[in-house]
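Because the structure is predicted, anything quoted here is derived from the model rather than measured. In this chain, residues are counted from 1 in sequence order.
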Amino acid sequence: MTPPTPPPPTPTPSEQSLSEPTPSEPTPSGAVRGPADPATAAASAAAPAATSTATSAATVAAATGRPARSDARRNREKLLAAARTVFAAADGAVALEAIAREAGVGIGTLYRHFPTREALVEAVYAAELDEVTASAPALLARFPPEDALRAWMDRYAAFVATKRGMADTLRAGWASGSIATPTTRERVTAVIATILAEGARTGSLRADVEPEDVTAMLLGVFLSTTASDTPERTGRLFGLVVDALRPLDGRGTGGA
């Protein structure tokens, strides 16, 4: 009698993994494709996440309504310009709502840029001072030194007019330290020194004048006038200051 044939040996797990094909993945069209490349699979998984993140950022920006950086910058410039106008024309305290209206923005926009009255006043003062001190070179390039000095005095007077509307806030801020004490007098005197030096070089202004003395004369003009004085009166006083700086002996000095 023939003995029964023994069953084939059962393969081990490692042998089975080597002999069995890897299951194929169906493509969207139903076709069969081979196993996915790991790098491709990772990129495919990351793409939806990146798209979702970008979409989410765009959605948040649209939902919050935050203006673009250029819009924010324009709003800040509009607020500073409006504040200068309102402060210069004010006889007393200025409401921040009036500045926002002048700028054509809401009060919330003003507070986003300037959380306090002190912050707004400090920014206006600093911007005005920068413009005053930076205006001399252009004036000297356009006018003779004595005319440049006279034109610069008008610009300085506009700065002082704006400052008057902010005076109470400035004084309180400087006293408390909430507003940095500026080097206004030093910077103004440096501008006057530049114009005087050019005038002395051309012989149109005295060479024996201390710039600080001219600063003191201008402060005297401002202290002797008020907001109710006419610009014509202030202009006449400026004219007298310039006349005092003209050489009398033709050699750039006041001479007897």
Side-chain angles (χ1 to χ4, degrees), residues 80-91 94 121-171 174 181-255:
L80 288 175
R84 293 174 186 176
T85 300
V86 174
F87 281 132
D91 291 329
V94 172
V121 166
E122 184 174 23
V124 171
Y125 187 91
E128 280 283 287
L129 182 58
D130 286 345
E131 289 188 11
V132 169
T133 55
S135 63
L139 292 173
L140 282 171
R142 183 179 179 187
F143 302 114
E146 68 274 20
D147 294 336
L149 179 61
R150 179 63 186 82
W152 181 82
M153 289 178 180
D154 284 337
R155 182 64 187 85
Y156 185 27
F159 164 68
V160 172
T162 301
K163 180 181 173 183
R164 280 173 172 158
M166 306 183 294
D168 291 341
T169 302
L170 286 170
R171 280 194 292 265
W174 290 333
T181 303
T183 55
T184 306
R185 186 159 182 154
E186 291 84 351
R187 293 177 65 183
V188 165
T189 301
V191 173
I192 292 172
T194 298
I195 300 175
L196 289 178
E198 183 62 17
R201 187 186 69 79
T202 62
S204 59
L205 294 173
R206 292 171 55 174
D208 61 341
V209 176
E210 291 292 332
E212 176 62 31
D213 292 343
V214 180
T215 301
M217 293 169 72
L218 293 179
L219 292 177
V221 171
F222 296 134
L223 289 172
S224 66
T225 57
T226 64
S228 60
D229 279 314
T230 63
E232 290 75 19
R233 181 168 186 262
T234 303
R236 289 196 303 271
L237 294 173
F238 285 159
L240 292 174
V241 172
V242 174
D243 285 343
L245 299 175
R246 298 182 192 276
L248 302 180
D249 61 359
R251 296 191 302 272
T253 62

If we ignore hydrogens and angles and just use 3.5 Å, is the side chain of [X] paired with the main-chain N or O of [Y] as donor and acceptor?
{"X": "Trp152", "Y": "Val191", "result": "no"}
{"X": "Thr202", "Y": "Glu198", "result": "yes"}
{"X": "Arg164", "Y": "Phe87", "result": "no"}

I need the [X] [atom1] to [Y] [atom2] distance, nearest 0.5 Å.
{"X": "Thr133", "Y": "Tyr156", "atom1": "OG1", "atom2": "OH", "answer": "11.0 Å"}
{"X": "Arg233", "Y": "Phe238", "atom1": "CZ", "atom2": "CZ", "answer": "11.5 Å"}
{"X": "Asp243", "Y": "Glu146", "atom1": "CG", "atom2": "CD", "answer": "10.5 Å"}
{"X": "Asp147", "Y": "Arg142", "atom1": "CG", "atom2": "CZ", "answer": "11.0 Å"}
{"X": "Arg187", "Y": "Ile192", "atom1": "CZ", "atom2": "CD1", "answer": "13.5 Å"}
{"X": "Arg84", "Y": "Glu131", "atom1": "CZ", "atom2": "CD", "answer": "4.0 Å"}

Practice item. For residues 181-220, pull every pair meeting ring pair (Phe, Tyr, Trp, His ring centres under 6.0 Å), keeping only residues two or more places apart or in separate chains. Key: none

Review point. Who pairs with Tyr125 by ring-ring contact (aromatic ring centres under 6.0 Å, His included), at least two apart in sequence or on another chain?
Key: Phe159, Trp174

**Study point:** Heavy-atom side-chain proximity of Leu237 to Ser224 below 4.5 angstrom
**Key:** yes

Check your understanding: Can you tell if the side chain of Arg185 reaches within under 4.5 Å of the side chain of Leu219, non-hydrogen atoms only?
Key -> yes

Practice item. Look at atom CD of Glu210 and say whether more than 12 heavy atoms of other residues, nucleotides or ligands are closer to it than 6.0 Å. Key: no

Closest non-hydrogen atom pair between [X] and [Y], with its separation:
{"X": "Ile195", "Y": "Leu205", "value": "O-CD1, 3.9 Å"}
{"X": "Ala244", "Y": "Arg206", "value": "O-NH1, 3.1 Å"}
{"X": "Pro247", "Y": "Ser204", "value": "CD-O, 3.3 Å"}
{"X": "Thr225", "Y": "Val221", "value": "OG1-O, 3.0 Å"}
{"X": "Pro145", "Y": "Leu140", "value": "CA-CD2, 4.0 Å"}

Point to revise | Pair Val242-Met153, side chain to side chain contact (heavy atoms under 4.5 Å, CB included): steps then yes or no | key: CA-CA 10 Å; Val242 174; Met153 289 178 180; 3.8 Å; yes

